[in-house]
Amino acid sequence: MTKIGILALQGAFAEHEQVLNSLSVQTVQIRNRQDWETHSDLDGLILPGGESTVMGKLLHDLDLFEPIKAKIEKDLPVFGTCAGLILLAKTIVGDQTKHLASMDISVARNAYGRQLGSFVTNADFKGIGEIPMVFIRGPIIETVGPEVQVLSQVKGAIVAAKEKNMLVTSFHPELTGDTRVNAYFLEMVAQGKQDKL
Ligand code: GLN
């Protein structure tokens, strides 16, 4: 059975859990190093939305930073939504801060402004079609490296992308009731399992 870890330090982790459980996927919350070690057999990991600065700091404080980064860079399928996207980005525009820095993208935080940054729209997602997107003070991807596939754009800005085992969205697919992007990640997870056989 597929088992997905959800980083549960802060932010919108419960919503991801509900969606995955509704898709009959087993989930475990990763809150500390002990959880990470107990569940060393994860098939995938979700980095949820929330506040990237806080989550990035907690990853270090809880001694989770190095082991998570190493496993992602080995091959663990990972899905970063919103703040999770920021955690995965190699570069944060106008900021020296780096978090996991595993994905070859540069991102601008709070790209839609702090106050008016939350909105809902519909846009095309490569391989899925038109989907609803909920943005909550989300980032945009400003540049992507050569290995990165752009999956969606809203008003000319990149809001979803994939590089090898890493999927990121600026928006929150777990908040719309439309589970196709979550299912898209589960396909990546299934593929990862298949490749290991
Ligand atoms: N604004 C947050 C950040 O920069 C992200 C918001 C979200 O995850 N919904 O970390």
Side-chain angles (χ1 to χ4, degrees), residues 1-9 11-31 33 35-50 55 59 64-89 99-105 125-129 131-134 141 144-145 147-152 158-197:
M1 192 190 180
T2 300
K3 181 164 145 183
I4 304 287
I6 304 176
L7 189 69
L9 306 180
F13 56 86
E15 292 81 353
H16 275 286
E17 196 170 67
Q18 279 158 18
V19 171
L20 289 176
N21 294 161
S22 80
L23 297 171
S24 303
V25 172
Q26 187 193 352
T27 55
V28 291
Q29 293 187 0
I30 305 296
R31 293 178 173 274
R33 182 72 179 245
D35 294 340
W36 181 252
E37 277 164 17
T38 306
H39 302 291
S40 59
D41 58 342
L42 293 179
D43 299 305
L45 177 68
I46 293 196
L47 305 177
M55 267 194 266
L59 281 176
L64 280 166
F65 182 89
E66 292 299 337
I68 287 184
K69 180 173 165 70
K71 215 151 180 181
I72 290 171
E73 291 179 7
K74 183 160 177 273
D75 60 7
L76 182 70
V78 61
F79 180 18
T81 57
C82 207
L85 176 160
I86 298 165
L87 291 179
L88 283 169
H99 301 293
L100 296 164
S102 302
M103 188 167 176
D104 196 5
I105 53 175
F125 190 104
K126 214 176 217 149
I128 298 180
I131 55 162
M133 299 178 178
V134 173
I141 301 173
V144 300
E147 304 291 315
V148 179
Q149 190 190 1
V150 173
L151 296 174
S152 185
I158 302 170
V159 296
K162 176 177 182 288
E163 180 183 6
K164 295 180 284 197
N165 54 320
M166 297 173 276
L167 174 69
V168 291
T169 61
S170 304
F171 54 91
H172 289 263
E174 77 285 7
L175 297 179
T176 57
D178 184 319
T179 57
R180 288 177 292 170
V181 177
N182 312 79
Y184 182 98
F185 175 61
L186 294 175
E187 277 295 315
M188 285 172 59
V189 170
Q191 190 61 49
K193 279 178 85 140
Q194 191 68 29
D195 291 348
K196 279 192 182 155
L197 292 180

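Please read all numbers here as calculations on a predicted model, not as lab measurements.
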Which heavy atom of [X] sits nearest a heavy atom of [Y], and at what distance?
X      : Y      : value
Arg31  : Ala8   : NH1-O, 3.4 Å
Met133 : Ser152 : CE-OG, 3.2 Å
Phe65  : His99  : CZ-O, 3.2 Å
Leu45  : Ile6   : CD1-N, 4.4 Å
Val189 : Pro77  : CG2-CB, 3.9 Å
Ile158 : Ser170 : O-OG, 4.0 Å

[X] versus [Y]: any side-chain heavy-atom pair under 4.5 Å?
X      : Y      : answer
Leu151 : Val181 : no
Lys126 : Tyr184 : no
Phe185 : Ile46  : yes
Pro48  : Glu174 : no
Pro173 : Asp178 : no

Ring pair (Phe, Tyr, Trp, His ring centres under 6.0 Å) involving Phe171 - partner list, sequence neighbours excluded:
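Applying ring pair (Phe, Tyr, Trp, His ring centres under 6.0 Å) to Phe171 gives Phe135.
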Nearest 0.5 Å please: distance from the [atom1] atom of [X] over to the [atom2] atom of [Y].
X     : Y      : atom1 : atom2 : answer
Asp35 : Gln29  : CG    : CD    : 8.5 Å
Leu88 : Phe79  : CG    : CZ    : 10.5 Å
His16 : His172 : NE2   : NE2   : 7.5 Å
Ile68 : Leu87  : CD1   : CG    : 9.5 Å
Leu23 : Thr179 : CG    : OG1   : 4.5 Å

Leu42 vs Ile30, side chain to side chain contact (heavy atoms under 4.5 Å, CB included): CA-CA, chis, key distance, verdict
CA-CA 11 Å; Leu42 293 179; Ile30 305 296; 4.2 Å; yes
Pairwise side-chain hydrogen bond (donor to acceptor under 3.5 Å, both in side chains) hits with a residue in residues 64-74, at least two apart:
Lys69-Glu73, Glu73-Ser102
In short, side-chain hydrogen bond (donor to acceptor under 3.5 Å, both in side chains) pairs touching residues 186-197 with sequence neighbours left out are Asp43-Lys193, Gln191-Asp195
Quick one: salt bridge (Lys or Arg N to Asp or Glu O under 4.0 Å) pairs with a partner in residues 78-88, sequence neighbours left out?
none
Give the C-alpha distance, both sets of side-chain angles, the deciding distance and a yes or no for side chain to side chain contact (heavy atoms under 4.5 Å, CB included) between Ile141 and Leu85.
CA-CA 9 Å; Ile141 301 173; Leu85 176 160; 4.0 Å; yes
Under the side-chain hydrogen bond (donor to acceptor under 3.5 Å, both in side chains) test, which residues partner Thr169, sequence neighbours left out?
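Once residues adjacent in sequence are excluded, Thr169 has no partner under the side-chain hydrogen bond (donor to acceptor under 3.5 Å, both in side chains) criterion.
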Partners meeting side-chain hydrogen bond (donor to acceptor under 3.5 Å, both in side chains) with Thr27 (sequence neighbours left out)
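Per chain and number, Thr27 pairs via side-chain hydrogen bond (donor to acceptor under 3.5 Å, both in side chains) with Asn21.
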Could you tell me whether the side chain of Asp75 and the main chain of Asn165 form a donor-acceptor pair under 3.5 Å?
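Checked: no pair found.
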Any donor-acceptor pair under 3.5 Å from Glu147 side chain to Asp104 backbone:
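Looks like no, no N/O pair under 3.5 Å.
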Hey, mind stepping through Thr2 and Leu20 against side chain to side chain contact (heavy atoms under 4.5 Å, CB included) and telling me if it holds?
CA-CA 10 Å; Thr2 300; Leu20 289 176; over 6 Å; no
Test side chain to side chain contact (heavy atoms under 4.5 Å, CB included) applied to Asn182 and Val25, step by step
CA-CA 11 Å; Asn182 312 79; Val25 172; over 6 Å; no
Atom NZ of Lys164 with >12 non-hydrogen neighbours under 6.0 angstrom
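It does not: Lys164 NZ has 12 such atoms or fewer within range.
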